[in-house]
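By convention in this document, chain letters (A, B, ...) are assigned in the order of the sequence lines, proteins followed by strands, and residues within each chain are numbered from 1.
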Amino acid sequence: MAAAAKGGAARSSPPAGGRRAGTRRAVAGLFLLPALVLLGALVLYPIGYSVHRSFFDRSGAFAGVGNYVVIFTDDTVLTAVRNNAVWVVLAPTAATALGLVFAVLTERVRWATAFKLVVFMPMAVSMLAAGIIFRLVYEQDPERGVANAVAVGVHDVFHEAGGFPRARPLPEHPLRDGGEGAFVTREPVAAGAAVLLPLVGVAPADLPSGARPARVPRAPEEGVGGTAWLDFTRGGGGAPNVVDPGERGLEGLVVQAVRDGSVVAETRAAADGSFTLPPAAEGAVLRLPAENFREPYNGVSWLGPALVTPAIIGSYVWMWAGFAMVLIAAGLAGVPRELMEAARVDGASEWQVFRRITVPLLAPVLAVVLVTLTINVLKIFDLVFVIAPGSSQDDANVLALQLYRSSFGTDADPGLGSAIAVLLLVLVLPVMVANIRRIRREASR
Amino acid sequence: MSAPTAPSGRAAEGGAARARADRRSGPASARPSAAARAAARVGGGAVRVFLVLTALFWLTPTVGLLLSSLRAPGDIAASGWWRVLTAPAQLTGENYARLLENEAVTRSLLSTAMITVPSTVLLVVVGALAGYAFAWMDFPGRDALFLVVVGLLVVPVQVALLPVSELFGVVGLFETTLGVVLFHVAFGLPFAVFLLRNFFAQIPRELLEAARLDGAGEVRLFTRVVLPLGGPAIASLAIFQFLWVWNDMLVALVFADPGGAPITVVLQQQVRQFGNNVDVLAPGAFVSMLVPLAVFFAFQRQFVSGVMAGAVK
């Protein structure tokens, strides 16, 4: 704060007369009274109450440090402690690091204000609204949640989705189980053979839109040929392992020729299910690899037990990176330019200037930002309460949430709730002391 | 709100970059080599692209909420909000129309205002009185008391939830709007007193002395001199507290009467059924964001200085 306490200089002169001093004190008391009553009753008294209550159990019997032992032994509460630790390590650092990068990069961009507005805006929004926003982002169904829509899109660029999950051969068929979800022909295929690869278990509606009626295989002039098709006639009547009219090809099915365990040729079935393999495939076994039958990739389970905490931390960073950015940008404005320019003239790269000059000069600001965010993160509640679905709320548990549940839930344990409250207070104690010291120093200056 | 990078500063930087380019390209050339200029342009271009992509990334979640709120329930269930980008015909205001007919929601918006406005006004008044006393009045133990207030800056509200709910139960304030307001004022006070005392302490002493010589009492001094001069700090405080209380969910969840619950609590109850009620949640969340966003955009400067002053809160 620019208006640093100048208490020492700003004191009114000592009162002259005794009576006037008395009146002045009374007036001062009246001015202070509302604030002191509210602070005393609603902030100070609760601290004392919590400390006291934390030594008694659920029913009010003395429990010593029992409640504190529970914090560090009970599985549910311990998860909260652990998650809070993850929060405190990850969230402030991530938000500060991003804020630093944004503040430095926007320094020389003309539309910096617009950018800062965009990144800072989430701070004005309630954690509840942010929670709803990210519930939408993290929705599991890739058709609805944007995070998984992106995840699936990226995934499918690198791993094409298997076209035929749950497809399988008939009970009587020329294929056998090749292990790990693949199917192989029982016999090696001879040159000029026309191989039948009938599968069932694909809903006709799930066939590729280009699939055409399967073609009865003809022996190719050289190499190996055949047809892979959906051996199922709608309405019944088809014969097993025979290409009946109306049965359609399994367009895109991958067919490999395998000899001595290694793939010697590979192709995909055409729209009518036909495929041809080069002469190298002669005498090899044909395999339909497992990738044909893989379940389609359904995205990441963001709000499942494993990722729920990092996912919620992501939403927190979205909210608070702007805060870090604005404070750091203000600090950056006060950094002497000459130092950086001198370093640049001396041939320092931008990275060196950033690493060796900008960051050290910003250290005090970075410390304030980190401390502020850490205090803020210690008592994180709303985001977890709103984003974590009921099924993973235990996995996402944090101290403030556990405190709320212990204090007001159906199986409330006010002793435990109070102990958690005291723990939170103890965790912010160092900052409290530092604040008091700073003000004292400034006042005595 | 942005860091004031003066045009002159930018020009100086450009000069430095040019000087550096000169060095690399040798003393013979007075102007930067074409290669150096191209490299700088590519570097700057990369930064720009990165920033544009980041801004889009940052906007996406909010845009998703907005577009979701403007789609019919059937469309929301069938596909993601981005489909509307290619099918703008899907956009409809019917969710909002239905939301405004939903009495629970309209009542909660009113409750939010009924909690937020008094909390803000009361905090400013009580905080300014105390801030003035700490800055300009003499009484024993003043400095020690001020340090206690500073110490309370970082006390988490969670510490007080259970004790105060029992206390409110005793005095009949539990599940009342007044209880919620008093709690918000109490927890806003350390910051308010800290901010205002520091600001008031900078008022020139001569101004106050002159008013005293004119026979003004402390009350007159406070209302006629200190409050008007404290305008900027009071504005920051008011905006900060307004947004804080408007956006609060936890305090209201504990202390508010179910009939007088603010919008955050009402929507939170809907979240438990998340899935088929996006047509209520999305517009509800957006409506709840409108006032804070309007305040934010209208009073950016005061908001930022409030945030900066409260950095260690």
Quick check on [X] against chain A: is it the side chain, the backbone, both or neither that has a heavy atom closer than 4.5 Å?
X: V159(B); value: both
X: F286(B); value: neither
X: V52(B); value: both
X: M249(B); value: both
X: I203(B); value: neither
X: F200(B); value: neither
X: S68(B); value: side chain
X: L51(B); value: both
X: S165(B); value: side chain
X: E166(B); value: side chain

Aromatic plane relationship, Y138(A) with F134(A) - under 30° parallel, 30 to 60° tilted, over 60° perpendicular: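 The rings of F134(A) and Y138(A) sit tilted, inter-plane angle from 30° to 60°.
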
Mutual orientation of the aromatic rings belonging to F385(A) and F381(A) [parallel < 30°, tilted 30-60°, perpendicular > 60°]: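 Rings of F385(A) and F381(A): parallel, as their planes differ by under 30°.
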
Among [options], residue most engaged with chain A (heavy-atom pairs, under 4.5 Å):
options: V291(B), I76(B), D248(B), L122(B); value: I76(B)
options: S288(B), P140(B), G64(B); value: P140(B)
options: L243(B), L152(B), V125(B); value: L152(B)
options: A128(B), A282(B), G284(B), A130(B); value: A130(B)
options: G127(B), G151(B), P292(B); value: G151(B)
options: W82(B), F222(B), F183(B); value: W82(B)

Top contributor to chain B contacts, counting heavy-atom pairs under 4.5 Å, from L38(A), L33(A), L128(A):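 Option with the greatest count: L128(A).
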
Among V428(A), V37(A), D141(A), residue most engaged with chain B (heavy-atom pairs, under 4.5 Å):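 The option with the most such pairs is V428(A).
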
Cation over ring face, R197(B) and Y132(B), 6.0 Å, 45°: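 Relative to the ring axis of Y132(B), which defines the angle, R197(B) lies outside at least one limit.
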
Residue list, side-chain hydrogen bond (donor to acceptor under 3.5 Å, both in side chains) with S50(A), at least two apart or on another chain: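 Residues passing side-chain hydrogen bond (donor to acceptor under 3.5 Å, both in side chains) with S50(A): none at all.
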
Pair V149(B)-L189(B), side chain to side chain contact (heavy atoms under 4.5 Å, CB included): steps then yes or no: CA-CA 8 Å; V149(B) 173; L189(B) 266 175; over 6 Å; no

If I measure from the heavy atoms of chain B, does [X] come under 4.5 Å with its side chain, its backbone, both, or neither?
X: L378(A); result: neither
X: L427(A); result: neither
X: V369(A); result: neither
X: L98(A); result: side chain
X: L403(A); result: side chain
X: V137(A); result: side chain
X: P122(A); result: side chain

Steps toward side chain to side chain contact (heavy atoms under 4.5 Å, CB included) verdict (R144(A), V278(B)): CA-CA 11 Å; R144(A) 298 180 62 183; V278(B) 174; 4.1 Å; yes

Crowding at CZ, F297(B) (>12 non-hydrogen neighbours, <6.0 Å):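 Above 12, so yes.
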
More than 12 heavy atoms from other groups under 6.0 Å of CZ on F299(B):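 Not buried by this count: 12 neighbours or fewer within 6.0 Å.
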
Ring centroid separation F120(A) to F296(B) under 6.0 Å: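 Under 6.0 Å, so yes.
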
Evaluation steps, side chain to side chain contact (heavy atoms under 4.5 Å, CB included), between W111(A) and T106(A): CA-CA 8 Å; W111(A) 37 269; T106(A) 46; over 6 Å; no

Expected output: side-chain W318(A) to main-chain W58(B) donor-acceptor under 3.5 Å: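 Checking the backbone N and O of W58(B) against the side chain of W318(A), a donor-acceptor pair under 3.5 Å is found.
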
Any donor-acceptor pair under 3.5 Å from D413(A) side chain to S407(A) backbone: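 Pair absent, no side-chain N/O of D413(A) close to backbone of S407(A).
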
Ionic contact status for R337(A) with E107(A), cut-off 4.0 Å: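 Yes, this pair counts.
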
Test side chain to side chain contact (heavy atoms under 4.5 Å, CB included) applied to L423(A) and L399(A), step by step: CA-CA 9 Å; L423(A) 176 65; L399(A) 284 172; 3.9 Å; yes

Heavy-atom side-chain proximity of N247(B) to M127(A) below 4.5 angstrom: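 The answer is no, as the side chains (C-beta and beyond) never meet within the 4.5 Å cut-off.
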
